[in-house]
Protein chains: 2
Amino acid sequence: MDHPDGETVKRRRTSNRASVTIRDVARHAGVSVATVSRALRGSDLVHPATRERVDAAIEALRFTPSQLGRSLAERRHAANGIVFPDLSGPFYAEVVLGYEEVAARLGRSVLILSTHNRESADEMVLDLAGRVDGLAVFGRTVHDVVVAEIVERGVPVVLMARTEVRGADSVRTENVSAAQSVVEHLVTHGHRRMAFLGDPVDSTDVAERWAGFRAAVDRAGLPAPDQPVTAGFKEDDGARAAVDLRAGGLPDVVVCANDELALGLMEALEDHGVRVPDDVAVTGWDDVMAARYAGLTTVRQPMRDMGARAARMLDARISGDSSEPRHDVLTTQLVVRRSCGLHPKEAHR
Amino acid sequence: MDHPDGETVKRRRTSNRASVTIRDVARHAGVSVATVSRALRGSDLVHPATRERVDAAIEALRFTPSQLGRSLAERRHAANGIVFPDLSGPFYAEVVLGYEEVAARLGRSVLILSTHNRESADEMVLDLAGRVDGLAVFGRTVHDVVVAEIVERGVPVVLMARTEVRGADSVRTENVSAAQSVVEHLVTHGHRRMAFLGDPVDSTDVAERWAGFRAAVDRAGLPAPDQPVTAGFKEDDGARAAVDLRAGGLPDVVVCANDELALGLMEALEDHGVRVPDDVAVTGWDDVMAARYAGLTTVRQPMRDMGARAARMLDARISGDSSEPRHDVLTTQLVVRRSCGLHPKEAHR
DNA sequence: TTGAAAGCGGTACCAA
DNA sequence: TTGGTACCGCTTTCAA
C-alpha cells in the first residue's frame with residue numbers, strides 16, 4: 001500500500017488554502033493534465049465523453065485555472081497598464097474610463113499607477129512594465145530614458161499628452177489652433193490686454209497652449225505678454241494667482257491652462273469684488289463638469305476618446321502590428337459661456 | 001567542442017524578444033541560479049565578491065526579473081483589485097485615488113475593473129479575483145454569491161458602500177443621520193413639503209438615505225411622501241425628473257440622492273423658469289467639485305478616505321489578520337450653500 | 001484522441 | 001557560502 005514511490009510522499013511545501021490545480025482535476029477525471037488543459041481551452045481534440053468527465057471534475061472540485069500559471073506558460077499577461085501623474089481632478093478619470101472600457105472589451109485587465117511625482121516614479125513604472133503586455137503613459141510622469149528602456153524591452157508604449165519618444169505611439173489633443181480660437185473669440189469681445197496663466201514647463205500641453213496663445217495675440221496685432229503668469233494646476237494655484245494679477249494691474253482677460261486654475265481664479269477674484277466677466281474675463285481648458293455650472297468659457301478635449309484610442313493602439317501593437325509609430329492628434333472645441341465676456345449687444349439686456 | 005549534451009542544443013521554443021532570465025545571469029556570472037536569486041533578494045548569505053560578479057552580470061545583460069515567475073514561485077501577486085460600477089463621474093475617481101495611493105505605498109499594484117453593469121460582470125470579477133491578492137468591491141457591482149465565492153477561494157474582499165457579506169470587511173459612509181441633518185436644516189428654512197429623488201433599489205446608500213429622510217420628516221411632524229421620485233444617478237436623470245416634479249405640483253424642497261442628479265434637476269428647473277431656491281430648494285449628496293460652483297447644499301463624504309481605508313483593511317487581511325470582519329462607517333458632513341433656501345433674515349438683504 | 005514531459009522564470013530547501 | 005534541484009500551475013510539442 002505504501003510503496004516507496006514519490007507520489008505518496010509528495011506534499012505541498014506551503015499548503016495554505018491548498019488551491020485546486022489542474023493536476024487535481026486530471027486525477028479526479030482520470031485523464032492527463034494535457035487533456036484537462038485542452039478541455040479548458042476548448043480544443044476540439046478532446047472526445048466529447050472525455051470532455052464531459054473533465055467538466056464534471058472541474059465542477060466538483062470548483063477548479064479555477066491560475067492566471068499566473070497560464071500567463072507564465074503563454075508568456076503574456078493579458079493585462080495593460082496606464083500611468084498618470086495624479087488621478088485627482090475630474091480630468092484624468094475620463095481618460096482612464098475610456099481606456100479601461102476598451103481594454104476590458106479586448107479581454108485585458110488594466111493596471112493603474114499614479115506617480116504623484118514621487119521620486120520613485122521611474123522605478124515604479126519599470127516595475128509596472130514588467131507586469132503588462134503594453135503600457136499607456138500620460139504626460140510627464142516618467143523620464144524619456146525610462147520610456148525608451150521599456151520600449152527596448154519589447155513592451156509597447158503609447159504616450160498620451162506628451163512629446164513623442166522614438167518607438168512609441170502617441171495620442172494628444174490639438175492645442176495651438178485651439179488657443180488661436182480662444183484668442184480670436186476674445187478679440188470679438190473687444191478684449192485687448194491678454195494674460196496667460198499656467199506653467200509651460202509643467203507639460204507639453206501647457207507649452208503648446210502658451211505658444212499658440214502668444215502667436216494668436218501677435219497675429220491679432222495686440223500686445224502679447226513676454227511671459228505667462230506661472231501657476232500649477234489646482235484651484236488653489238488659481239486663487240494664489242489672483243493676488244499677483246491684481247497687484248500687477250488687471251488685464252482684460254486671463255487665459256488659463258486648465259479649468260481648475262480658472263475656477264480658482266474666478267472665485268478668488270469675485271471674493272475680492274472683481275467681477276467676471278465685467279472687470280476681467282477668464283477662460284479655461286478641459287471643460288470639466290464644474291465649468292458648466294460656473295459658466296466658464298473653455299476648450300473641450302475628448303478625454304475619454306483619448307483613453308480609448310490609446311487602448312486600441314496598444315492592442316494593435318501587442319497583436320503584432322509593427323508599422324511605423326502613429327501619432328494621433330485629437331481635435332478640440334471651443335465652448336463659449338459667460339466668463340469670457342458679454343458681447344456688446346448683450347451688455348444691456 | 002560540440003559535445004552531445006543538451007546544453008548546446010537547448011533553445012527557446014518561442015524566441016520572440018528572447019528575454020534575459022536568471023539562468024543567463026547565473027551562467028554569465030559563473031554561479032548558480034540560487035545564488036543569483038539570493039543576490040536579487042538581498043540575502044546576506046552571499047559573499048560580497050560573489051555579489052559583485054552577479055551585479056555585474058545583471059548590469060551587463062540588462063536583466064529584469066520576471067514578475068510572473070516570481071509571483072508563481074512566491075504564490076502571491078503583489079497586486080490588489082478594485083471593482084466599480086462605472087468610473088465616470090467625479091465621485092469614484094476619488095475613491096480609486098485613495099485606494100491606489102495606499103496600495104502603491106504598500107508595494108501593491110492596482111487592477112481596476114469597471115463593470116458598467118454588463119451581464120458578464122460576475123465573470124469578469126471572478127477572473128480579476130484570480131489575478132490579485134485582495135479585492136475591493138464597490139456597491140452593487142456583483143452578486144453576493146460571487147463575493148462569497150471569492151471569499152471562499154481565500155481571496156480577502158472588502159466591500160465599499162455595500163451591504164455586508166459574510167466573511168468580508170466593509171467600509172461605508174453614514175447615511176441615516178446625515179439625511180436627518182439635511183431634513184433638520186431644511187426645516188429651519190421653513191420648508192414643509194419635502195420630496196426625495198433617487199432610487200433606493202439602485203444602491204444601499206440610496207436606500208439608507210431614503211429611509212433616513214423619511215424617518216426624519218416623520219419625526220419633524222411633517223407629511224412624508226410614501227415613495228421617492230425614482231431616478232438614476234446622472235444629470236440627465238435629474239433633468240428628466242424636473243418634468244415629473246413640475247407635473248405633480250412642486251414640493252418645497254427636493255432632496256436628491258447625489259449631486260449630479262441635483263445639478264441636472266436645478267438646471268432643468270431654472271430653464272423652465274423655476275427659481276432655486278426661491279421656488280424650490282434642492283440638496284444633493286457627495287459634494288463633487290461642481291456642487292461648489294453651483295451653490296449646491298450637499299452632504300460631503302470622505303471618498304478618498306474610504307478608498308484608503310479599504311486598501312489598508314485588505315493589506316491587513318493579506319498579511320494574515322484573521323480576526324472577525326470589520327465594518328467601518330465613515331462620518332459625513334452637511335455642507336450648506338445657496339440651493340437649500342435663504343434663511344428669513346437673509347431673504348431681503 | 002490521448003499522455004509524457006519539457007518548458008515558462010523564479011524561489012527556497014537540502015546538502016555539500 | 002554555495003550549488004543542485006524540486007517545485008509554483010499551466011501550455012504545448014512529440015509520440016503513441
Side-chain angles (χ1 to χ4, degrees), chain A residues 5-7 9-27 29-54 58 61 63-78 127 130-131 133 153, chain B residues 6-7 9-27 29-54 58 61 63-78 130-131 133 153:
Chain A
D5 69 24
E7 187 59 30
V9 183
K10 208 189 289 176
R11 199 140 294 291
R12 276 190 194 75
R13 241 182 331 181
T14 340
S15 103
N16 52 338
R17 300 235 172 274
S19 57
V20 183
T21 79
I22 197 172
R23 274 171 259 269
D24 299 321
V25 176
R27 199 171 308 137
V31 298
S32 73
V33 294
T35 299
V36 177
S37 178
R38 289 192 197 100
L40 240 35
R41 318 306 312 280
S43 158
D44 44 344
L45 293 96
V46 180
H47 191 93
T50 311
R51 179 184 302 277
E52 218 160 276
R53 298 217 322 278
V54 172
I58 288 174
L61 269 42
F63 166 74
T64 325
S66 150
Q67 289 295 338
L68 237 34
R70 183 168 278 182
S71 289
L72 187 57
E74 288 179 341
R75 318 187 89 206
R76 60 173 236 136
H77 300 267
D127 176 272
R131 306 171 153 269
D133 300 319
R153 272 195 210 162
Chain B
E7 185 61 28
V9 182
K10 207 189 287 174
R11 199 140 295 290
R12 278 192 191 73
R13 237 182 333 179
T14 341
S15 100
N16 53 336
R17 302 238 170 271
S19 57
V20 183
T21 79
I22 196 173
R23 275 168 253 270
D24 298 322
V25 176
R27 199 171 310 135
V31 297
S32 73
V33 293
T35 299
V36 177
S37 179
R38 286 188 202 102
L40 240 35
R41 317 307 309 282
S43 158
D44 43 344
L45 294 97
V46 180
H47 191 91
T50 310
R51 179 183 303 276
E52 218 160 278
R53 298 217 321 278
V54 172
I58 289 175
L61 269 42
F63 166 73
T64 325
S66 149
Q67 289 293 339
L68 238 33
R70 183 169 278 182
S71 289
L72 186 57
E74 289 179 341
R75 317 186 91 207
R76 61 173 234 137
H77 299 267
R131 306 170 154 270
D133 300 319
R153 270 193 212 164

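Chain letters run A, B, ... following the sequence lines, proteins first and then strands; every chain starts at 1.
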Does [N] have its OP1 or OP2 closer than 4.0 Å to a side-chain nitrogen or oxygen of [X]?
{"X": "A:Ser37", "N": "D:dT12", "value": "no"}
{"X": "B:Thr21", "N": "C:dG9", "value": "no"}
{"X": "A:Arg41", "N": "D:dT12", "value": "yes"}
{"X": "B:Arg75", "N": "D:dG9", "value": "yes"}
{"X": "B:Thr35", "N": "D:dG3", "value": "yes"}

In this structure, how many angstroms lie between the [atom2] atom of [N] and the [atom1] atom of [X], rounded?
{"X": "B:Asp24", "N": "C:dC8", "atom1": "CG", "atom2": "P", "value": "10 Å"}
{"X": "B:His77", "N": "D:dG9", "atom1": "NE2", "atom2": "C1'", "value": "11 Å"}
{"X": "B:Arg131", "N": "D:dG9", "atom1": "CZ", "atom2": "P", "value": "17 Å"}
{"X": "B:Leu72", "N": "D:dC8", "atom1": "CG", "atom2": "P", "value": "9 Å"}
{"X": "B:Ile22", "N": "D:dG3", "atom1": "CD1", "atom2": "P", "value": "12 Å"}
{"X": "B:Gln67", "N": "C:dC8", "atom1": "CD", "atom2": "P", "value": "19 Å"}
{"X": "A:Arg27", "N": "D:dC10", "atom1": "CZ", "atom2": "P", "value": "12 Å"}

Using a 4.0 Å cut-off on heavy atoms, which residues in residues 43-54 of chain A reach DNA chain D? List them by number, or say none. none

Let's test your reading of the model: under 3.5 Å, does the base of C:dG3 pair with the side chain of A:Arg38 as donor and acceptor? yes

Look at all strands and tell whether A:Arg23 reaches a base, only sugar-phosphate, or nothing, counting heavy atoms closer than 4.0 Å. base

Pick base, sugar-phosphate or nothing for B:Ser66, based on heavy-atom distances below 4.0 Å to the nucleic acid. sugar-phosphate

Please name all residues satisfying salt bridge (charged side-chain N to carboxylate O under 4.0 Å, His left out) with A:Glu74, sequence neighbours left out, ordered by chain then number. A:Arg41, A:Arg76

Side-chain heavy-atom pair A:Arg75, B:Leu68 within 4.5 angstrom cut-off: no

Using atom types as modelled and distance alone, determine if a side-chain donor or acceptor of B:His77 lies under 3.5 Å from a backbone N or O of B:Asp133. no

Looking only at side-chain atoms of A:Glu74, point me to the closest of D:dG9, C:dG10, D:dT11. D:dT11

Between B:Gly69 and B:Val33, name the one whose nearest nucleotide on DNA chain D is closer to the 5' end. B:Val33

Taking for each residue the nucleotide of DNA chain D with the nearest heavy atom, is it B:Ala34 or A:Pro65 whose nucleotide lies nearer the 5' end? B:Ala34

Inter-residue atom distance [X].[atom1] - [Y].[atom2], 0.5 Å rounding:
{"X": "B:Leu61", "Y": "B:Thr21", "atom1": "CG", "atom2": "OG1", "result": "9.0 Å"}
{"X": "B:Ser66", "Y": "A:Leu72", "atom1": "OG", "atom2": "CG", "result": "6.0 Å"}
{"X": "A:Arg23", "Y": "A:Ser32", "atom1": "CZ", "atom2": "OG", "result": "11.0 Å"}

Only pairs under 3.5 Å count here: list side-chain donor-acceptor contacts from residues 42-50 of chain A, not counting sequence neighbours, and write none if there are none.
| from | atom 1 | to | atom 2 | distance (Å) |
| --- | --- | --- | --- | --- |
| A:Ser43 | OG | A:Leu45 | N | 3.0 |

Is there a side chain to side chain contact (heavy atoms under 4.5 Å, CB included) between A:Arg70 and A:Leu40 once you walk through the steps? CA-CA 11 Å; A:Arg70 183 168 278 182; A:Leu40 240 35; 4.0 Å; yes

